[in-house]
Amino acid sequence: MPLPARLQALFRRRSDPRTLISTHSERLVVLLSILLVCLLGLPLWWTTTRVYRADLPTDEIARFTPKDPLRIPFAFHIDDSADSLLPSGSLAAIEQGAARLIDKQRVPYARGEWPVRYEAVVLQGPAPDIPGHYTLKARRAPSSKTRVSVEISVDRIATVSIPSKVPAMSVLEDLISAIVAKEERELRRTTSGLSNQKPRATADRALKYSPEYAVTFTLLNEDPVNGVTVDWDIESAISTYIQPFIDSLHPVTKLSVTSQVLHDAGPPPFKPVKTSNQTLLSPSMLAHFVNSPSWNLASTDPVSPMLNFILYVPSLESQPVYITRENNRLHTNAFLVSQWGGVAIANLPAETKAGSHIVLSSSDMQGYMGAFISQLRELIGIRRYTPLDESPEGTIEKIRVHQATLTGISTWEQDALLRQWLVSTRLTAISTLQSLSRLVESMQNMVVMDEIKTKVDGAIQELTSIQDALSSSTDHLKACKHATNASVLAESAFFDPSMVSLLYFPDQHKYAIYLPFFLPAVMPLITALKRVIKERKSRKAVSTESKSE
């Protein structure tokens, strides 16, 4: 057959009778098209549309379980150089005796609860100035004294006066176990609520730990139009009364302080009880006292938790205003708002005239600032009666705990707060990492960049360093910083924008996007394949009939 005729037969129209060449060429085109799609198109589509997923260390994350307790040692340094009360080799016996007493007072942990074990380590000599290290000065009491007394200073020092007839070892065992066991019980009450005893500083009042808090002091004048205009020397007051407290907490958290004056607060959203010469606020009224929608209390820091402290000046016609509880005035004339801040009522002198201008000096605000410090202590979680109650415990008949009146927080309280934050931030970091691991496993189309893996690896390393810092140097501050870094890295990885964006991009969206592109290209191929199959069936039927004839 000549070449032009072959080409003409090859490119016949569909209406013309099929030739052997046209049938075989169509089959070849269909077969090659299918092979091209399967061998080249699908791999290319899979490669260009798949998301990048770095391998997260899920096995290392799963290693953190409640089976392994967090062990936090207290290092008690015994200093008996003045009277040499202890025989050689007695430190180990004191440590063992204190451990037995602590175990007797420890409440068993429930299943699934993350256990924390406070332990005591007894050493010789004065303690270094490191959180977690404490000096117990054992002294022989004067002959006229028959009772054991303990005097706890604002620093990490406790002086123990022991009468001659009382064994020094048993006294020190009781003191050490009382300090350690008491704080562990309070931690259990705060974190788990398993104890039947109600904690003195309830956990719902305090904010969650943050590396920084935004503290705002506000002078709020209810009625400057018909009353007086009020100003205050807040910078001097903060420098005198608040700054020492801020400096004491600086190693573990930062308090950024701002102040403002707001005029015309308007009347409170309730009707106070007025008597002949005063106005009384009952506890039920205090829940509605703060009028946040009308008061401009917005923070300049959008990230850090905000604490508001308001010095409220009532209108002249309602002054003096007093807060009452069970028909008794509160001497502070202030109240606390859980996880928000505090309010103090400032009554002006009785001789104040309408239209005058009043400036509150630093000395005028001393009482109010004292109330604010007390409220601030509760809001960040400082527990009272640290390290011990001012009452007898065990063989100790008298305990005197000095209060840190200059700074507002003693080193004992600061260390206890440090350990509380250490435990809470560590649990936050672990739960965040485990939530991230479950999320990544459940969403196979989620992008996991190398930056996420780096943050997760860093968080795991920080978590591992916590126990190392506690075991090697008993440095609670260093361990708390490791826990804080782990929590920050874990939350940064969990809320990374590259991951959050695909939380709202399910597989149905992907199908809806790619289907309009692939369907028009695949339909002709499917039609041709159906036609080839149909023709093959027809030829097979004709061949069968011809054989049967």
Side-chain angles (χ1 to χ4, degrees), residues 201-221 230-263 265 286 289-292 295-313 332-346 360-384 404-410 413-414 416-418 420-421 424-425 480 484 487-488:
T202 54
D204 57 350
R205 288 187 178 183
L207 277 76
K208 180 182 176 182
Y209 169 72
S210 173
E212 183 173 357
Y213 296 93
V215 182
T216 301
F217 292 92
T218 303
L219 175 62
L220 195 57
N221 193 356
V230 184
D231 202 352
W232 58 349
D233 188 8
I234 187 60
E235 293 184 0
S236 177
I238 290 176
S239 176
T240 303
Y241 306 115
I242 306 297
Q243 194 61 44
F245 182 81
I246 296 175
D247 294 339
S248 299
L249 291 177
H250 185 70
V252 286
T253 188
K254 178 182 178 182
L255 301 180
S256 58
V257 180
T258 58
S259 64
Q260 60 181 348
V261 178
L262 301 180
H263 301 285
L286 300 180
F289 189 90
V290 177
N291 190 4
S292 297
W295 300 349
N296 183 19
L297 301 176
S299 173
T300 57
D301 188 345
V303 178
S304 303
M306 183 178 180
L307 294 173
N308 298 278
F309 296 97
I310 297 176
L311 185 60
Y312 188 86
V313 181
T332 59
N333 212 28
F335 64 94
L336 177 73
V337 181
S338 298
Q339 299 185 4
W340 185 85
V343 179
I345 307 297
L360 299 176
S361 64
S362 176
S363 58
D364 295 333
M365 293 185 286
Q366 181 178 2
Y368 306 126
M369 290 297 165
F372 289 151
I373 290 179
S374 178
Q375 294 168 350
L376 184 57
R377 284 168 53 91
E378 288 195 57
L379 290 169
I380 64 176
I382 298 177
R383 293 187 292 265
R384 297 176 59 191
T405 56
L406 296 179
T407 61
I409 179 173
S410 67
E413 293 171 330
Q414 183 178 346
L417 181 64
L418 196 69
Q420 178 182 333
W421 284 345
S424 62
T425 51
C480 185
T484 302
S487 178
V488 171

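For the single chain, residues carry numbers from 1 onward in sequence order. Values below: all heavy atoms of this structure, side chains included; hydrogens, waters and symmetry mates excluded.
The minimum heavy-atom distance between W232 and Q260, with the atom names listed, is CZ2-O, 3.6 Å. Here the closest heavy-atom approach between residue A206 and residue E378 is recorded as CB-O, 3.5 Å. The nearest pair of heavy atoms linking A334 to Q375 is CB-NE2, 3.6 Å. Between S362 and T240, the closest heavy-atom pair is OG-OG1, 4.0 Å. Contact between M365 and A237 at its shortest, heavy atoms only, is CE-CB, 3.5 Å. R205 and L379 get closest at one heavy-atom pair: O-CD2, 3.4 Å.
By the 4.5 Å heavy-atom criterion applied to side chains, P211 and T484 are counted as neighbours. Between N308 and V290 there is no side-chain heavy-atom pair separated by less than 4.5 Å. Using a 4.5 Å cut-off on side-chain heavy atoms (C-beta onward), L219 and V230 make contact. Counting heavy atoms from C-beta outward, I242 and V215 have side chains that stay 4.5 Å or more apart. R377 has its side chain within reach of F245: a pair of non-hydrogen atoms, C-beta onward, lies under 4.5 Å apart. Taking the side chain as every heavy atom from C-beta outward, K208 and S424 never approach each other to under 4.5 Å. With contacts defined as side-chain heavy-atom distances shorter than 4.5 Å, the pair K254/S304 does not qualify.
Between Y213 and W421, the two ring planes are tilted [angle within 30° to 60°].
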For L417 and L249, what are the C-alpha separation, side-chain angles and deciding distance, and is it a side chain to side chain contact (heavy atoms under 4.5 Å, CB included)?
CA-CA 10 Å; L417 181 64; L249 291 177; 4.0 Å; yes
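Once rounded to the nearest 0.5 Å, the distance linking OG of S361 with CG of D231 reads 11.5 Å. Taken from CD in E413 to OG1 in T407, the straight-line distance is 8.5 Å, to the nearest 0.5 Å. To the nearest 0.5 Å, the span separating CD1 on I409 from CG on D247 amounts to 12.0 Å. Atom CD1 in I246 sits 10.5 Å away from atom OG1 in T253 (nearest 0.5 Å). For the atom pair CG (L311) and CZ (F217), the distance works out to 10.5 Å, reported to the nearest 0.5 Å. Between atom CE of residue M369 and atom CD1 of residue I238 there is a gap of 6.0 Å, rounded to the nearest 0.5 Å.
Remark: aromatic rings of F372 and Y241 are distant, center separation not under 6.0 Å.
A donor-acceptor distance shorter than 3.5 angstrom exists from the side chain of S248 to the backbone of P244, with no hydrogens or angles considered.
Heavy-atom contacts from other residues, nucleotides or ligands closer than 6.0 Å to CD of Q243 number more than 12.
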